[in-house]
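Below is one structure, written out as structure tokens; the observations come after it.
We use all heavy atoms of the structure for the numbers below, so side chains are in, but hydrogens, waters and symmetry mates are not. Each chain gets a letter, A, B and so on, in the order the sequences are listed, and its residues count up from 1.
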Amino acid sequence: MQSTLVKEIYRETTRFLNQKVELSGWVRTVRTSKAFGFIEINDGSFFENIQVVFEEGLTNFAEIGKLTISSAIRIQGELVPSPGAKQPFELKAENIEVLSLASADYPLQKKRHTFEYLRTIAHLRPRTNTFAAVFRVRSMIAYAVHKFFQEKGYVYVHTPIITGSDAEGAGEMFKVTALDLANPPKDGEGNVDFSKDFFGRVTSLTVSGQLNVETYCMAFRKVYTFGPTFRAENSNTARHAAEFWMIEPEIAFADLADNMNLAEEMMKFLIQYALDNAPEEMVFFNNFVDKTLFDRLENILNSEFARVTYTEAVELLEKENAKFEYPVRWGMDLQTEHERYLTEKIFQKPVFVSDYPKGIKAFYMRLNDDNKTVAAMDLLVPGVGEIIGGSQREERIEVLEGRMQEVGLNSEDYWWYLDLRRYGGVKHAGYGLGFERVIMYLTGISNIRDVISFPRTANSSEF
RNA sequence: UCCUCGAUAGCUCAAUGGUGGAGCAACCGGCUGUUAACCGGUAGGUUGUAGGUUCGAGUCCUACUCGGGGAGCCA
């Protein structure tokens, strides 16, 4: 008999009802009585379990009644309507084969566990309802990201993981070296001589694919990256990780407004995709993780994101200065408390904040005509904070070189980046989207460590 | 990295400076439709690590490790 998947049974019930089927899966719970019992199994194909009924007529009835949680079994039987209220159908077992008996000290019990504990058993936590739901949604949303951009004609560019550009200013970098760290070669001044290293220079793990992907943008017009990103910041928060995935679209012949339009359309697409394609998981999140999830997501789908300039945001916030630990004034970067107040209290939905003072933003962002602000934008969302950071890029070479000088960068190190402005450079824009932050936003999970399979944070790289 | 709170049975938590307990899980038994099944019983401990104060420390002090919340940095 050919094995059937639980997902097929749920999605095409009439095809299987009152038919013989074979299932295989892992035991989630066993409830026994003297002459019969129930097993719920999960076969990995679907969020929901299926209930198996077994009776004392089975030759191995006693053995089956003592099955431990997470044991693997194969069942042949008939799919029948269930008299119980909690499931529409159940499998009446005619034969149950024990494929693998799990040790009784299996650490996941039939009870609620804290996320903190589950992080210590990251190799087992995808077997829980919550993490099964999180990681199935994560997989679907990764696909949805590609679907969104590919169907719009974007070219997916694999930018390098190892980079020699050392001074992008996006964060502390992890060094990549093949030198013997116990005995590295030294130069005349006693410093490590990286010219003897594998690449003949200092190299690091990428903190952003942006500078590289801009080059492909000038060839393909619409491009995106989607890959791992590394920051050696000693951040200890619920929304930072040392290794995370980032999506960076870049569009030519486009300005900051086009950039924001794209970001808004993409966010709505991803939300709709999750609701349409993972309904069981999303209902679970709404019931057990964040009871406001559906209200929040529906509100976003049905409304336009707010858009304010930094200057307007500062004016709005200054009226509320009494409420803040750090009062707002023009020229300072917005504190987390200010960002939260904007998106959670004033607008109560996602808000783009644009046109920040040039002094607090990166050198490559396009200088506005006021000479004081740059065409940058952050997307702030309730509960998560900054989920997107982007800008229109400076395409005027003399302005760009001037900005690099202001912030102390050596333009020779960026010769190929500057070349883009020499050879058909046009206005263009792009942004970086933190993939994990999207998953947090879509699921209501509040710690980034719980939306990455094996999170890497400071002092934490077990598994 | 800073502020703050915490770490006790496999898990979630109690225990006034004076004999470390409970619920759940595990194990044994019972139960004819269960739904985190239920009922009875058994076993389970170097109180995060290293020092210190004290007649006596889970409890007080110091350092460290890890975790939660907040901040900085950002995605």
Can you list every salt bridge (Lys or Arg N to Asp or Glu O under 4.0 Å) pair that touches residues 129-142 of chain A, not counting sequence neighbours?
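Matches after skipping sequence neighbours: A:R136-A:E281, A:R138-A:E436.
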What about the rings of A:F148 and A:Y143, do their centers lie closer together than 6.0 Å?
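Between A:Y143 and A:F148, which both carry aromatic rings, the centre distance is not below 6.0 Å.
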Hey, do the aromatic rings of A:F115 and A:F131 have their centres closer than 6.0 Å?
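Yes, they do, as the ring centres are separated by less than 6.0 Å.
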Heavy-atom contacts under 4.0 Å between [range] and RNA chain B, which residues?
range	result
residues 242-250 of chain A	A:F244, A:M246
residues 88-106 of chain A	A:E90, A:A104
residues 41-52 of chain A	A:Q51

With [atom1] as the reference atom in both, quote the distance from [N] to [M] in angstrom, rounded to an integer.
N	M	atom1	value
B:G17	B:C61	C1'	13 Å
B:G29	B:G21	P	28 Å
B:G30	B:G48	P	40 Å

Spacing of [X] atom [atom1] relative to [N] atom [atom2], expressed in whole Å:
X	N	atom1	atom2	result
A:I39	B:A37	CD1	C1'	15 Å
A:I121	B:U12	CD1	P	10 Å
A:N236	B:G68	CG	C1'	10 Å
A:F115	B:G69	CZ	P	11 Å
A:I388	B:C74	CD1	C1'	14 Å
A:E56	B:U32	CD	P	10 Å

Which heavy atom of A:H240 sits nearest to which heavy atom of A:S235, and what is that distance?
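Scanning both residues, the minimum pair turns out to be CB-CB, 3.6 Å.
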A cation-pi test, strictly: NZ or CZ of A:R112 under 6.0 Å from the centre of the six-membered ring of A:F288 and no more than 45 degrees from its axis. Yes or no?
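Cation-pi check for A:R112 and A:F288: fails.
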Using the closest heavy atom to pick a nucleotide of RNA chain B for each, name whichever of A:K66 or A:E325 lands nearer the 5' end.
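Whichever sits nearer the 5' end wins; that is A:K66.
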Pick the closest RNA chain B nucleotide for A:L108 and for A:A35 by heavy atoms, then say which residue is nearer the 5' end.
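Looking at RNA chain B, the more 5' nearest nucleotide goes with A:L108.
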Give every donor-acceptor pair under 3.5 Å between a side-chain atom in residues 451-463 of chain A and any protein atom, sequence neighbours left out.
unit_1	atom_1	unit_2	atom_2	d
A:R456	NH1	A:F454	O	3.4
A:R456	NH1	A:E462	O	3.4
A:R456	NH2	A:F463	O	3.2

Filter on ring-ring contact (aromatic ring centres under 6.0 Å, His included), then keep only pairs touching residues 59-80 of chain A, sequence neighbours left out; what's left?
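For residues 59-80 of chain A: A:F54-A:F61.
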Under 4.0 Å between a side-chain N or O of A:K34 and OP1 or OP2 of B:C31?
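For A:K34, the contact criterion (side-chain N or O under 4.0 Å from OP1 or OP2 of B:C31) is met.
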Pairing check on [N]: which nucleotide meets the Watson-Crick or G-U wobble criteria with it, both distances under 3.5 Å?
N	value
B:A15	none
B:C24	B:G10
B:C38	B:G30
B:A71	B:U1
B:A50	B:U62

Report yes if the side chains of A:D290 and A:R296 come closer than 4.5 Å at any heavy-atom pair, otherwise no.
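Sidechains of A:R296 and A:D290: in contact.
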Please examine the side chains of A:K175 and A:M173, heavy atoms only from C-beta on, and report whether any two atoms are closer than 4.5 Å.
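No; the side chains remain at least 4.5 Å from each other.
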B:C11, B:C31, B:G69: which one has an atom nearest the side-chain heavy atoms of A:N447?
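The answer is B:G69.
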Audit row: A:E280, A:K7, salt bridge (charged side-chain N to carboxylate O under 4.0 Å, His left out) steps and yes/no
CA-CA 11 Å; A:E280 288 81 8; A:K7 181 171 185 176; over 6 Å; no
For A:E320 and A:Y341, run side-chain hydrogen bond (donor to acceptor under 3.5 Å, both in side chains): C-alpha distance rounded to whole Å, both residues' side-chain angles, the deciding distance at 0.1 Å, then the answer.
CA-CA 9 Å; A:E320 313 287 345; A:Y341 197 88; 3.2 Å; yes
Testing A:F226, A:Y224, A:F244, A:W245 one by one against A:F435 for a ring pair (Phe, Tyr, Trp, His ring centres under 6.0 Å), which residue passes?
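Answer to the ring pair (Phe, Tyr, Trp, His ring centres under 6.0 Å) test with A:F435 among A:F226, A:Y224, A:F244, A:W245: A:F226.
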